[in-house]
Amino acid sequence: MSTVDRAGDREMMGEVTNVQFYNVHDGPGVRTVVFLKGCPLECAWCSNPEAMHTKRRMGLLRDLCTGCGKCLDACPEVALSLDAEETIEIDREKCSDCGECVPVCLPGALTLHGRQMSAEEVFEEFQKDKMFFGSEGGVTFSGGEALVQADFVARVFELCKRDGLHTCLETTGCASKRAWAQVLPFTDLILFDLKHMDSDKHREGTGVTNALILDNARWLAATGARLRFRVPLIPGYNDDPQNIAELADFVRSLDAENVEGIELMPYHRMGTGKYDSLGWEYALKDLEAPSEEHVAAVRDAIRERGVACSISR
Ligand code: SF4
Ligand code: SF4
């Protein structure tokens with residue numbers, strides 16, 4: 001998050017990767033979702049790797065490249081070349097992620113992930129689909145970890161609440177109390193990820209322990225904030241009976257009416273192509289999605305421990 005001077009006014013700016021319209025996955029009803037850059041976690045299964053780091057990153061969709069060669073002259077770093085099949089290659093050692101090549105690529109094979117938007121510009125994006133939100137829908141901030149830019153989220157949500165929009169925050173839970181305090185007054189629903197109850201396993205899969213995350217979950221439940229826990233169900237990582245039982249028992253122990261229960265998010269492979277486009281290796285390339293039967297069995301095991309549980313659509 002930063003501020004810039006525009007026509008004498010200080011505007012709050014955020015680093016955004018994507019604005020997604022008509023989303024029915026991240027919160028109730030129809031929503032517009034804004035994905036922000038930067039995250040303290042590095043989950044091996046992340047389906048939004050372009051949002052993991054605050055630094056911008058060039059993406060190349062090879063299937064869209066026609067081999068026209070127009071980008072070659074646009075690159076000040078001479079980082080682009082055509083391979084034997086007349087498809088563009090990016091030399092990541094040379095590429096400075098400046099984005100100069102993007103406008104000349106008419107088929108849209110080149111994308112720079114990350115752009116600055118002001119709080120007011122994001123709010124204007126929300127106005128476009130407002131008519132579809134109905135009584136349930138609204139707006140969601142996701143990431144990355146949106147609370148890396150907590151000031152920005154708070155500013156946009158403040159504008160939204162003044163406009164009567166339902167606000168939802170999708171979060172890893174890994175943020176300071178100060179960051180939480182900024183957004184809570186303007187947040188209607190928190191979609192709070194729980195990945196693993198064993199702290200060592202949590203660090204193995206995400207790069208950080210779960211201590212702060214669980215502490216925040218307890219604290220938020222006690223504040224009365226509306227919470228829905230989301231568990232990315234990763235085969236062989238967190239779907240064993242012991243971890244599932246501990247997750248359910250943790251949520252039940254919060255014993256708060258404002259806690260809606262658990263939503264399971266079965267692992268999928270939809271983000272895998274993004275890693276290739278960004279020039280990164282995907283660590284879970286051999287992992288298959290769980291079967292419907294297995295996901296249903298996990299849901300039932302959670303329900304049997306007295307916790308409401310649904311499966312993400
Ligand atoms: S982002 Fe900049 S440095 Fe990288 S390939 Fe494009 S023009 Fe070259
Ligand atoms: S401008 Fe786009 S389509 Fe043309 S060679 Fe470069 S990446 Fe491929």
Side-chain angles (χ1 to χ4, degrees), residues 1-6 11-22 33-122 124-125 141-146 148-149 152-153 156 207 268-285:
M1 194 279 302
S2 61
T3 55
V4 295
D5 221 323
R6 279 195 193 168
E11 279 190 317
M12 190 170 287
M13 308 296 288
E15 188 72 14
V16 175
T17 56
N18 191 21
V19 179
Q20 194 176 74
F21 298 96
Y22 220 86
V33 180
V34 174
F35 295 83
L36 298 182
K37 274 182 80 61
C39 187
L41 279 63
E42 283 196 35
C43 302
W45 54 86
C46 181
S47 57
N48 296 322
E50 72 281 11
M52 232 183 236
H53 306 288
T54 44
K55 188 176 179 296
R56 293 177 189 177
R57 178 84 174 175
M58 269 307 298
L60 166 63
L61 293 172
R62 284 189 182 76
D63 289 351
L64 296 183
C65 176
T66 60
C68 71
K70 285 187 180 154
C71 54
L72 298 176
D73 292 337
C75 177
E77 309 293 346
V78 200
L80 297 169
S81 59
L82 281 169
D83 66 13
E85 288 165 359
E86 303 249 299
T87 303
I88 279 294
E89 287 289 335
I90 301 176
D91 183 336
R92 298 282 178 178
E93 294 290 316
K94 291 182 180 171
C95 174
S96 62
D97 300 299
C98 69
E100 300 263 329
C101 53
V102 174
V104 303
C105 179
L106 299 182
L110 296 165
T111 309
L112 184 64
H113 294 286
R115 66 187 151 125
Q116 289 263 296
M117 290 181 78
S118 72
E120 285 71 18
E121 283 167 339
V122 170
E124 285 307 313
E125 290 293 299
F141 265 118
S142 184
E145 171 50 63
V148 168
Q149 304 183 59
F152 183 71
V153 173
V156 177
H268 59 74
R269 299 178 54 80
M270 283 186 278
T272 55
K274 291 184 182 177
Y275 286 82
D276 184 47
S277 137
L278 292 160
W280 290 330
E281 184 86 10
Y282 182 53
L284 303 183
K285 54 181 179 293

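Just so you know, ligand 1 is whichever comes first in the structure, and atom 1 is the first atom listed for that ligand.
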Ligand 2 versus [X]: contacting region, heavy-atom distance under 4.0 Å:
X	result
I88	side chain
P107	side chain
L72	neither

* Verify, without hydrogens or angle tests, whether T87 (side chain) and R62 (backbone) share a donor-acceptor contact under 3.5 angstrom. => no

Counting N and O atoms only, with roles assigned by atom type, does the side chain of K37 sit under 3.5 Å from a partner on the main chain of H53, one being a donor and the other an acceptor? yes

Check ligand 2 against [X] and write out every atom of the ligand that is under 4.0 Å from a heavy-atom position of the residue.
X	result
L110	7 (S)
C71	1 (S), 5 (S), 6 (Fe), 7 (S)
G69	4 (Fe), 5 (S)

Q.
Looking at Y22, I'd like to know if its OH atom is crowded, meaning that more than 12 non-hydrogen atoms belonging to other residues, nucleotides or ligands lie closer than 6.0 Å.
A. no

Between atom 4 (Fe) of ligand 1 and C95, is there an N, O or S atom separated by less than 2.8 Å? yes

Looking at G99, C98, C105, the heavy atom closest to atom 2 (Fe) of ligand 1 belongs to C98

### Query
Is any N, O or S atom of C68 under 2.8 Å away from atom 4 (Fe) of ligand 2?
yes

P76: heavy atom below 4.0 Å from ligand 1, yes or no? yes

Per-atom filter on ligand 1: closer than 4.0 angstrom to a heavy atom of E77 are 3 (S)

